[in-house]
Amino acid sequence: MSKQFIEQIQVKELVARGIVKRFPGVLASDHVDFDVHSGEIHTLLGENGAGKSTLMKILYGMYRPDAGEIAINGDRVRFHSPLDAIRHGIGMVHQHFMLVPTFTVAENVALGLPSSRRVLLDLDVVSKRIEELAKTYGLQVDPAAKVWQLSVGEQQRVEILKVLYRGASLLILDEPTAVLTPQEVDEFSETLRRMIDEGHAIVFISHKLHEVLALSDRITVLRSGRVVDTVPAVDATKAGLARLMVGREVILQVDHPEVAQGDVRLAVHGLSANGNSGLPALRGVDLEVRAGEILGLAGVSGNGQKELAEVIAGMRRPTGGRVLFDGTDVTGALPGKLLDHGLSYIPEERMVDGTVRDFSVAENLILKDHHRKPYAHWVFMDSAKIASESDRLIEAFDIRTPSRQTPLKSLSGGNIQKLILARELSRDPSVLVAAQPTRGLDVSATEYVHRRLIEQRSAGTATLLISEDLDEILNLSDRIAVIYEGRIMGIVDREDVDVERIGLMMAGVSEQAAGNASA
Amino acid sequence: MNQRKLLDLLPRLTPILAVLISLLVGAVMLALLGTNPWEAYRALFIGAFGSTNALADTIVKATPLLFVGLGICIAFRGGVLNIGGEGQLVTGAIAATAIALSVPNWPGWLIILVALLAGTLAGAIWGGIAGLLKAHFNVNEILSTIMLNYIAVFGMNYLLRGPMMDPLQIKLGSFTPQTARLPRAADLPRLIPTRLHLGAVIAVILAVAVYILLWRTTIGFRIRTVGKSLRAALAAGVRTKRYMALSLVLAGAFAGLGGAVEVLGLHHRMFTDGSAFGFTGSAGFNGIVAALFGQLHPIGTIPASFLLGALLTGANKMQRMMQIPSALIGALNGLIVLLVVGSEFLRRHRIKHTQSAESERAETSAEEEEA
Amino acid sequence: MSWSIIIGILSSGIRLATPYLYAAVGETIGQLSGVVNLGVDGVMLMGAYVAFFVALRTGSLSLGLIAAAGMGGVFGLIMAFISVTLKAEQGISGIGLYLFGLGLSTFLFGITIRNVQTIDGFPDLAIPGLSRIPVIGEIFFQHNILVYVAFALIPIAWFLLNKTPFGLKVRAVGQNPEAADSLGVNVARVRYLTVTLGGMLSGVAGASLSIALLNTFQQNLTNGMGFIAVALVYFGGWRPVLVFAGALLFSTVNALQIWLQVAGINVPSDVALMLPYIVTILVLAAMAKRRVNAPAALNKRFERGES
């Protein structure tokens with residue numbers, strides 16, 4: 001057994017003072033003070049880009065601070081790599097799981113650790129210890145299972161086991177609840193409580209206010225790289241925290257005017273498709289979206305949303321069922337044909353599917369219509385027209401860019417999303433698929449996207465809005481469908497929304513049962 | 001600001017630096033092996049530029065590099081790594097030779113035209129095989145094009161030792177593996193009384209055409225989109241597989257045309273020493289070096305080909321005068337590739353630097369406006 | 001076809017598999033860690049040249065072998081530096097390495113040895129007892145030392161990759177370098193090790209040609225064997241045992257092709273020579289669709305904290 005990793009110093013107190021971290025053009029950490037003690041959950045709260053990730057990467061040795069110091073139990077420490085942090089009893093569970101999908105649970109846990117049999121792997125010993133830890137903390141998982149076969153919740157347990165196995169007494173959890181259903185979150189908080197009882201210290205990162213209030217002992221709010229305030233959770237309120245986070249009152253409602261709905265523009269019947277792993281991701285989805293309607297698709301990530309968007313956009317071949325645009329069967333058609341049918345697509349992965357990093361702003365703006373008038377005549381492209389049209393779109397959609405020739409990759413996330421909106425909405429779409437349209441955007445960019453989507457609804461577009469942000473779905477949608485493991489659990493009208501019922505459906509409880517449970 | 005400009009210029013200069021470093025490494029090796037590198041490079045320089053004939057030979061050597069390099073520009077921009085220049089040159093040359101020999105009585109210009117087209121087509125087919133394999137079977141094009149190189153060479157050896165052998169060789173009993181001389185009417189016109197032929201001009205004109213293709217047409221736009229992002233291209237309605245295959249077809253077509261031009265303009269017959277090198281002089285590989293050296297820009301590939309042509313021509317002279325194997329230049333070419341590709345690292349970091357500064361400026365201006 | 005011919009073809013098939021085995025096993029380990037080295041052929045040429053040169057000058061085959069491994073290691077280091085430290089596109093880097101090795105070996109050969117010579121390579125060692133077994137003994141147990149070592153390499157590589165903590169690191173770095181990095185695995189160091197090791201094995205592969213199999217050196221001696229070795233890695237789906245099977249299949253096709261020529265069967269030799277390359281393409285086409293075992297980070301640069 002790798003004793004040196006198990007019997008490590010117990011982190012009783014970690015204190016960080018005056019942490020500064022600069023990136024080219026950004027001050028990501030601006031003299032941050034932060035401390036956490038054994039037996040408490042200290043939450044880092046802040047918007048995207050507030051500096052949460054930077055701070056925790058510094059605590060975990062992934063970045064080295066430009067200034068400031070970190071002390072554990074009163075002794076100053078310097079981390080040159082995560083290995084140093086691990087040796088000091090710090091463990092981290094990343095937001096995007098750091099697992100090798102082709103490995104077993106035990107292999108993932110054993111990775112990077114010396115073996116008790118020196119040059120020979122000791123996976124049986126590792127497995128036994130995993131089972132012990134699982135029992136102590138309520139983290140049941142089969143050590144021999146391959147990780148790609150596990151559910152998201154189970155994968156998260158593996159991540160936590162990895163950290164505990166290394167004897168960490170300070171755990172950094174980066175948005176651990178983002179991928180869980182409300183019910184799974186309850187189980188998870190139980191695990192957290194057990195860890196606190198064992199004397200662990202936990203740094204919890206989140207931007208979900210109700211969870212933060214429920215789970216934390218103390219809360220530190222970050223904004224633009226600075227600590228705004230540190231407050232005990234018992235004294236905090238949602239509104240107060242929100243104000244600290246954004247620096248002003250948040251508008252939680254979007255103007256949602258009455259729009260007359262038209263014909264069914266997008267229909268999906270019995271659609272099934274496989275995910276990247278080759279396993280079924282969609283199992284018979286039925287949906288209809290009418291002109292002038294936004295249909296919101298709610299669900300915990302990884303339940304088939306991505307695959308559904310991709311099948312409708314022609315990026316993934318369905319294994320069964322039909323897709324109809326305006327009553328025409330377009331099942332399995334390539335994106336080119338769908339574009340001709342008036343499809344616009346705001347993809348989840350905007351840097352992969354939505355734009356070409358190395359292309360200029362102008363080239364990205366004409367991406368989907370480069371071969372049409374006015375951009376091209378026969379095979380020849382019209383530079384003058386491309387220039388004038390790009391400038392017009394940059395202006396109309398308020399894309400902040402030095403020029404239309406600037407490479408796309410130098411734009412901020414919000415401006416890249418505005419560029420995609422400019423391209424997709426200016427095509428006057430009849431069907432719009434918007435997947436995670438505001439993920440990673442700041443408040444003002446998010447508001448902008450929301451306004452545009454509502455405008456497009458008024459213009460008569462049929463919109464399928466896919467989002468993991470339930471508030472966004474509730475604010476924008478006319479009807480809300482909930483997806484779970486590739487099936488639609490139910491569809492609710494805007495007027496009849498009951499958040500608890502939607503939460504239950506997101507956890508796999510059928511509409512009827514959910515209705516009964518919450519009634 | 002001046003310093004900044006200098007730093008911005010640096011990435012553009014890296015290919016030149018790569019050549020200089022390679023030559024320096026070559027000099028060190030020569031010195032270690034007991035030859036005077038200064039003398040060697042002087043012989044090389046004179047061999048490349050020392051006389052009208054030398055200069056003409058340099059251009060003649062550069063011509064196939066440019067043909068292959070233009071195809072490489074298209075392929076690499078399209079995200080497919082065509083290493084099949086050797087095989088495509090050979091198949092193009094064989095096709096042109098076969099056609100030209102089969103219609104000896106046609107008017108010269110017509111033979112030339114048909115032979116060039118045949119060479120282009122043959123090269124396109126040879127590249128297209130790799131394209132089809134890539135599109136339909138997801139076969140790594142680097143490996144398939146390399147295998148096709150060997151297949152083309154053995155095919156050439158078979159034809160030149162068998163069906164296409166010069167009847168005169170058979171009659172004399174010498175059995176040299178080469179074809180008969182092409183009809184003289186089909187010789188590409190010479191430009192000046194040297195070995196310099198029309199091929200160089202054709203190549204330069206085509207370089208401009210490739211520029212227009214890549215940056216002024218929808219086809220080029222799609223090729224470049226596919227090369228930069230398969231997923232984004234697919235989402236934009238581009239038939240990505242078709243365009244990857246097309247990139248390989250075009251790359252093969254240019255190399256095949258290059259092979260045909262070599263036959264019609266320079267050798268006037270096909271011959272083999274058993275390897276690809278005998279006929280191509282490794283132009284299929286050196287064309288890749290030229291294109292990379294020219295930063296995958298068709299116009300930049302013109303001077304790049306010229307410089308490499310000079311190195312190769314000079315190396316022959318160096319070999320004759322000082323018994324230094326001309327393969328030295330082959331080794332240095334490999335080094336140039338490594339340095340040019342490796343220096344992308346500096347470029348990327350430089351770009352990242354300036355760009356985050358730019359986006360910061362864009363962001364701040366946005367904030368100012370809001371305030 | 002008589003028994004003795006079949007035995008002869010199979011025996012030389014085993015013998016001819018040697019260079020493929022060294023090179024392909026080395027490439028497998030490198031690729032499993034996420035680095036494609038397409039320069040194998042050039043590294044083999046350098047190994048072949050150095051081994052031959054050292055053996056010729058010192059009269060020691062072992063010194064030649066060590067020199068070849070050392071030279072291969074140096075070339076592996078160059079590839080690692082370009083692809084890991086400078087994070088260059090691996091495909092083109094490999095072609096650069098190939099051209100460098102091809103040119104340098106030809107150049108050095110021309111300046112130091114000049115004309116084609118032969119030496120006495122590693123002698124055949126009949127394994128006592130085993131070599132007496134009829135048929136089996138003739139096919140498997142009458143080879144030179146490098147053949148036996150090559151065959152021993154397969155279980156060694158399998159053990160290294162699947163049963164040791166180092167192997168776990170190698171595979172993790174090839175599948176998910178971010179995950180490995182987050183657990184303190186030094187991604188760059190692992191890749192340097194695997195690519196250098198791969199280079200050393202390629203150097204030995206070249207030596208097995210020049211001082212054990214053919215006992216000579218000339219320009220472009222390998223004629224693309226290194227590229228075929230890379231193809232064998234895909235063929236074997238990154239599993240040493242299947243890579244081994246592929247190498248054997250391949251070398252047996254080769255032996256058959258040589259026999260066809262020697263026997264004067266009415267196939268033009270040039271057409272017979274195409275066979276291995278055509279088979280490679282067909283095999284790549286057949287295998288390309290089932291790449292389940294492929295290292296997910298193959299040919300991708302790893303930069304910490306990019307997201």
Side-chain angles (χ1 to χ4, degrees), chain A residues 23-26 310 313-316 334-340 343 345 347 349-359 363-364 366-372 375-383 386 398-403 406-416 423 442 444-445, chain B residues 7-8 11 76-79 209 211-243 246 295-296 344 347-371:
Chain A
F23 291 110
V26 194
E310 285 181 354
M315 301 286 287
R316 182 181 292 271
L334 285 170
K337 191 177 168 199
L338 300 175
L339 291 174
D340 294 339
L343 167 81
Y345 177 40
E349 302 227 26
R350 63 183 77 111
M351 294 307 286
V352 180
D353 294 345
T355 53
V356 181
R357 288 171 56 88
D358 293 326
F359 272 13
E363 283 174 311
N364 273 291
I366 64 164
L367 207 54
K368 292 196 175 170
D369 293 302
H370 65 274
H371 57 297
R372 285 180 233 266
Y375 302 131
H377 307 285
W378 190 49
V379 299
F380 292 102
M381 300 181 80
D382 184 337
S383 318
I386 292 171
D398 190 31
I399 304 166
R400 307 287 165 92
T401 171
S403 82
T406 307
L408 175 106
K409 61 188 165 194
S410 68
L411 263 56
S412 71
N415 280 304
I416 288 172
R423 183 183 68 214
D442 62 20
S444 68
Chain B
L7 280 171
D8 285 342
F76 282 26
R77 291 268 172 192
Y211 171 78
I212 292 171
L213 171 77
L214 281 174
W215 279 281
R216 293 282 180 268
T217 71
T218 54
I219 299 164
F221 185 85
R222 288 181 197 170
I223 287 177
R224 288 187 299 117
T225 310
V226 169
K228 287 291 184 192
S229 169
L230 269 181
R231 300 269 314 179
L234 184 64
V238 180
R239 310 284 292 260
T240 51
K241 287 181 175 180
R242 194 176 285 184
Y243 275 84
L246 177 68
Q295 312 221 326
L296 297 182
E344 277 293 310
R347 261 166 96 103
R348 263 204 314 279
H349 277 241
R350 179 87 205 114
I351 286 166
K352 225 188 249 171
H353 235 73
T354 43
Q355 276 166 358
S356 31
E358 264 173 34
S359 63
E360 181 204 3
R361 256 177 277 135
E363 298 272 271
T364 18
S365 64
E367 275 164 35
E368 276 162 14
E369 274 172 49
E370 255 159 331

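All chains are named by letter (A, B, ...) in the order of the sequence lines, taking the proteins before the strands, and each is independently numbered beginning at 1. No experiment lies behind these values; they were computed from the predicted model shown. We use all heavy atoms of the structure for the numbers below, so side chains are in, but hydrogens, waters and symmetry mates are not.
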Rounded to the nearest 0.5 Å, what separates atom NZ in B:Lys228 from atom CG in A:Leu408? 12.5 Å
How many angstroms lie between atom CZ of B:Arg222 and atom NE2 of A:His370, to the nearest 0.5 angstrom? 3.5 Å
Give, as side chain, backbone, both or neither, the part of [X] having an atom under 4.5 angstrom from any heavy atom of chain B.
X	result
A:Phe359	side chain
A:Ala376	side chain
A:Leu339	side chain

Is it the case that more than 12 heavy atoms not belonging to A:Arg372 sit under 6.0 Å from its CZ atom? yes
Below 4.5 Å from any heavy atom of chain A, which atoms of B:Leu230 appear? Answer side chain, backbone, both or neither. neither
Contact origin within B:Arg239 toward chain A - heavy atom pairs under 4.5 Å: side chain
side-chain contact (heavy atoms from CB on, under 4.5 Å), that's the test. Do B:Thr218 and A:Trp378 meet it? Break it down for me. CA-CA 8 Å; B:Thr218 54; A:Trp378 190 49; over 6 Å; no
Starting from the C-alpha separation in whole Å, work towards a yes-or-no answer on salt bridge (charged side-chain N to carboxylate O under 4.0 Å, His left out) for B:Arg224 and A:Glu363. CA-CA 11 Å; B:Arg224 288 187 299 117; A:Glu363 283 174 311; 2.9 Å; yes
Set out, in order, the CA-CA distance, both residues' side-chain angles and the distance that settles side-chain contact (heavy atoms from CB on, under 4.5 Å) for A:Ser383 and B:Arg216, then state yes or no. CA-CA 8 Å; A:Ser383 318; B:Arg216 293 282 180 268; 4.2 Å; yes
So which residue, [options], ends up with the most heavy-atom pairs under 4.5 Å with chain B?
options	result
A:Pro335, A:Gly336, A:Pro347	A:Pro335
A:Asp358, A:Leu343, A:Thr355, A:Asp340	A:Asp358
A:Lys337, A:Arg423, A:Lys368, A:Glu349	A:Lys368
A:Glu310, A:His377, A:Met381	A:Met381

Look at the side chain of B:Ser229 and the backbone N and O of A:Asp353, then say whether any donor-acceptor pair between them is shorter than 3.5 Å. no
